[in-house]
Asks: 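So that we are looking at the same thing, I have put the structure below in structure tokens.
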Amino acid sequence: MSDILIIEPDLHQAYLMNAALESEGCRCRIAASIAECAEILQDCPRMLTILNTRLPWTESFRLLRVLEDRGWPVLFIAGEAGNATHLRALYQGCCGVLPAPFTAEELRTIVSALLAETNRLLTIGPLRLDTERREATLAGEQLTLTAQEFSLLHALMQSPDAALSREELLRTAWGYQGVGETRTVDVHVQRLRRKLGPSCIETVYKHGYRLKMA
């Protein structure tokens, strides 16, 4: 299930988008302003954000920098199709532009495409992961990772800034259901730290690990 944050001052329009996306299995949260979404941003590890460009631009610009650092995809709802190139240039991560008015099917189509691209290409700060090509780069330099290291990094990047337990990482990265093999997580975290930098993966006391990319 994909998480969607809809930031739309017209609540009627927001609920229409919510209905269109929830019918496809998405889980949506609605905010009428950028200020209202602050708590939502803290709660959710990763979500696609739909942003109406009629909102105050100073606030939107600050929000975009936060979303960019987290590697979250953004869908701009624009009043004119001609603004698409300008809007895409403002966001360095995965993004799309949907001119208003639009149909529910058009919304579902572009959201589906953005989610597919996001699942293939994960970007957090200088770290980039291509799950289709099985490639990882840090500040443009390719990383040499084993299959297990790649899987662990993928699991961490799917929930940036979230504290993940060793058991969660075992299930996500290796498909293990038991709790007796958590030592393997520690070993691979140490290997990743040598390749990413010692401060990139934070140890969460008595719990697990958190990816922290500047």
Side-chain angles (χ1 to χ4, degrees), residues 2-5 37 40-51 60-76 87-96 111 113-176 182 184-205 207-214:
S2 299
D3 290 310
I4 311 287
L5 171 59
C37 72
I40 298 174
L41 293 175
Q42 293 177 350
D43 292 342
C44 296
R46 187 176 189 85
M47 60 196 331
L48 184 151
T49 300
I50 299 176
L51 178 65
S60 297
F61 186 81
R62 287 197 295 266
L63 173 67
L64 289 175
R65 300 292 75 80
V66 172
L67 300 178
E68 202 172 76
D69 288 342
R70 296 186 181 189
W72 290 10
V74 172
L75 174 59
F76 294 104
L87 290 169
R88 287 193 180 95
L90 292 171
Y91 192 72
Q92 299 305 306
C94 175
C95 69
V111 164
L114 283 172
L115 290 172
E117 183 178 353
T118 304
N119 290 333
R120 183 177 74 86
L121 294 173
L122 299 177
T123 302
I124 301 173
L127 185 61
R128 181 181 176 90
L129 201 72
D130 187 326
T131 59
E132 188 174 288
R133 295 183 179 181
R134 302 287 292 182
E135 293 177 350
T137 59
L138 179 63
E141 296 292 327
Q142 188 158 341
L143 297 168
T144 302
L145 304 176
T146 67
Q148 289 180 316
E149 289 167 355
F150 188 94
S151 295
L152 176 59
L153 182 58
H154 185 203
L156 289 165
M157 290 185 70
Q158 287 179 304
S159 301
D161 293 323
L164 301 175
S165 71
R166 291 171 175 83
E167 289 77 14
E168 288 176 298
L169 290 170
L170 274 173
R171 287 193 299 271
T172 305
W174 289 284
Y176 292 178
T182 55
T184 193
V185 175
D186 299 330
V187 171
H188 285 85
V189 164
Q190 293 306 316
R191 292 175 180 172
L192 275 179
R193 280 174 172 158
R194 287 196 289 270
K195 297 178 180 182
L196 301 178
S199 63
C200 290
I201 302 176
E202 178 184 54
T203 299
V204 181
Y205 183 62
H207 185 71
Y209 297 100
R210 175 190 290 117
L211 184 67
K212 299 290 289 185
M213 300 298 298

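Keep in mind that what you see is a predicted model, and the values were worked out from it rather than measured.
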Asks: Determine, step by step, whether Cys37 and Leu5 satisfy the side chain to side chain contact (heavy atoms under 4.5 Å, CB included) criterion, reporting the C-alpha distance in whole Å, the side-chain angles of both residues, the deciding distance to 0.1 Å, and the verdict.
Replies: CA-CA 8 Å; Cys37 72; Leu5 171 59; 4.0 Å; yes
Asks: For the residue pair Ala155 and Leu164, what are the closest heavy atoms and their distance?
Replies: O-CD1, 3.8 Å
Asks: Tell me, which pairs form a ring pair (Phe, Tyr, Trp, His ring centres under 6.0 Å) where one or both residues lie in residues 184-205, sequence neighbours left out?
Replies: Trp174-His188
Asks: Can you name the salt bridge (charged side-chain N to carboxylate O under 4.0 Å, His left out) partners of Glu117, sequence neighbours left out?
Replies: none
Asks: Using 0.5 Å steps for rounding, measure from the NZ atom of Lys212 to the OG atom of Ser199.
Replies: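 Taking NZ in Lys212 and OG in Ser199, the distance rounds to 10.5 Å.
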Asks: If you take all heavy atoms of Leu122 and His154, which pair is closest and at what distance?
Replies: CD1-CD2, 3.3 Å
Asks: Which pair of heavy atoms, one from Leu169 and one from Leu152, lies closest together, and at what distance?
Replies: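 Shortest heavy-atom separation between Leu169 and Leu152 comes out as CD2-CD1, 4.0 Å.
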Asks: Do the non-hydrogen side-chain atoms of Leu143 and Leu127 ever get within less than 4.5 Å of each other?
Replies: yes
Asks: Before you tell me yes or no, could you show the steps for Trp72 and Val66 under side chain to side chain contact (heavy atoms under 4.5 Å, CB included), namely the whole-Å CA-CA distance, both residues' side-chain angles and the distance that decides it to 0.1 Å?
Replies: CA-CA 9 Å; Trp72 290 10; Val66 172; over 6 Å; no
Asks: Quick check: closest heavy atoms across Asp186 and Tyr209, and the distance to 0.1 Å?
Replies: OD1-OH, 2.6 Å
Asks: In chain order, what residues pass the salt bridge (charged side-chain N to carboxylate O under 4.0 Å, His left out) check against Arg62, with sequence neighbours excluded?
Replies: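 None.
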Asks: If you measure from OG1 on Thr184 to CG on Leu170, what distance do you get to the nearest 0.5 Å?
Replies: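 So the OG1 of Thr184 and the CG of Leu170 are separated by 7.0 Å.
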Asks: Please list, chain by chain and in numerical order, all residues satisfying side chain to side chain contact (heavy atoms under 4.5 Å, CB included) with Glu141, sequence neighbours excluded.
Replies: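 Listed in chain order: nothing, the list is empty.
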Asks: Can you find a pair of side-chain heavy atoms, one from Leu156 and one from Ile201, that are under 4.5 Å apart?
Replies: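 Yes. Closest side-chain heavy atoms under 4.5 Å.
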Asks: Under the side-chain hydrogen bond (donor to acceptor under 3.5 Å, both in side chains) test, which residues partner Ser165, sequence neighbours left out?
Replies: Glu168
Asks: Could you pull out all residues at least two apart from Asp130 that satisfy side-chain hydrogen bond (donor to acceptor under 3.5 Å, both in side chains)?
Replies: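 Only Arg120 meet the side-chain hydrogen bond (donor to acceptor under 3.5 Å, both in side chains) criterion with Asp130.
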Asks: Short question: side chain of Gln92, backbone of Ala89 - any donor-acceptor pair under 3.5 Å?
Replies: yes
Asks: State, with a plain yes or no, whether a side-chain heavy atom of Leu75 is found less than 4.5 Å away from one of Leu114.
Replies: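 When only atoms from C-beta onward are counted, Leu114 and Leu75 do touch, with a gap below 4.5 Å.
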Asks: CG of Leu87 to SG of Cys95: how many Å apart, nearest 0.5 Å?
Replies: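 Interatomic distance, Leu87 CG to Cys95 SG, rounded to 0.5 Å: 8.0 Å.
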Asks: Could you list the residues that satisfy side-chain hydrogen bond (donor to acceptor under 3.5 Å, both in side chains) with Arg88, not counting sequence neighbours?
Replies: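 By the side-chain hydrogen bond (donor to acceptor under 3.5 Å, both in side chains) rule, Arg88 matches no residue at all.
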Asks: Report yes if the side chains of Ile4 and Ile50 come closer than 4.5 Å at any heavy-atom pair, otherwise no.
Replies: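 Yes, close enough: below the 4.5 Å cut-off.
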Asks: Among all residues two or more places apart in sequence or in another chain, which pass the side chain to side chain contact (heavy atoms under 4.5 Å, CB included) test with Arg128?
Replies: Leu121, Thr123, Thr137
Asks: Quick one: do Leu211 and Ile124 satisfy side chain to side chain contact (heavy atoms under 4.5 Å, CB included)? Show the steps, please.
Replies: CA-CA 10 Å; Leu211 184 67; Ile124 301 173; 4.0 Å; yes
Asks: Going from CZ on Arg166 to NE2 on His207, what distance comes out if it is rounded to the nearest 0.5 angstrom?
Replies: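 Interatomic distance, Arg166 CZ to His207 NE2, rounded to 0.5 Å: 9.0 Å.
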Asks: State, to 0.1 Å, how close Leu138 and Leu196 come at their nearest heavy-atom pair, and which atoms those are.
Replies: CD2-O, 3.7 Å
Asks: For Arg134, which residues count as a side-chain hydrogen bond (donor to acceptor under 3.5 Å, both in side chains) partner, sequence neighbours excluded?
Replies: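 None.
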Asks: With sequence neighbours left out, write down each residue that passes salt bridge (charged side-chain N to carboxylate O under 4.0 Å, His left out) with Arg210, or none if nothing qualifies.
Replies: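 By the salt bridge (charged side-chain N to carboxylate O under 4.0 Å, His left out) rule, Arg210 matches Glu202.
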Asks: Do Leu192 and Phe150 touch side chain to side chain, with heavy atoms closer than 4.5 Å?
Replies: no
Asks: To the closest 0.5 Å, what do you measure between OG (Ser60) and CZ (Phe76)?
Replies: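 So the OG of Ser60 and the CZ of Phe76 are separated by 8.5 Å.
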Asks: Which atom pair, heavy atoms only, marks the closest approach of Glu68 to Leu90?
Replies: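 Looks like OE2-O, 4.1 Å.
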Asks: Just to verify, what does Arg193 make a salt bridge (charged side-chain N to carboxylate O under 4.0 Å, His left out) with, not counting sequence neighbours?
Replies: none
Asks: Could you measure the distance from the CG atom of Leu145 to the OG atom of Ser151? Nearest 0.5 Å is fine.
Replies: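 These two atoms lie 10.0 Å from each other.
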Asks: Taking the side chain as every heavy atom from C-beta outward, state whether Gln190 and Val187 have any pair of such atoms under 4.5 Å apart.
Replies: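 The answer is no, as the side chains (C-beta and beyond) never meet within the 4.5 Å cut-off.
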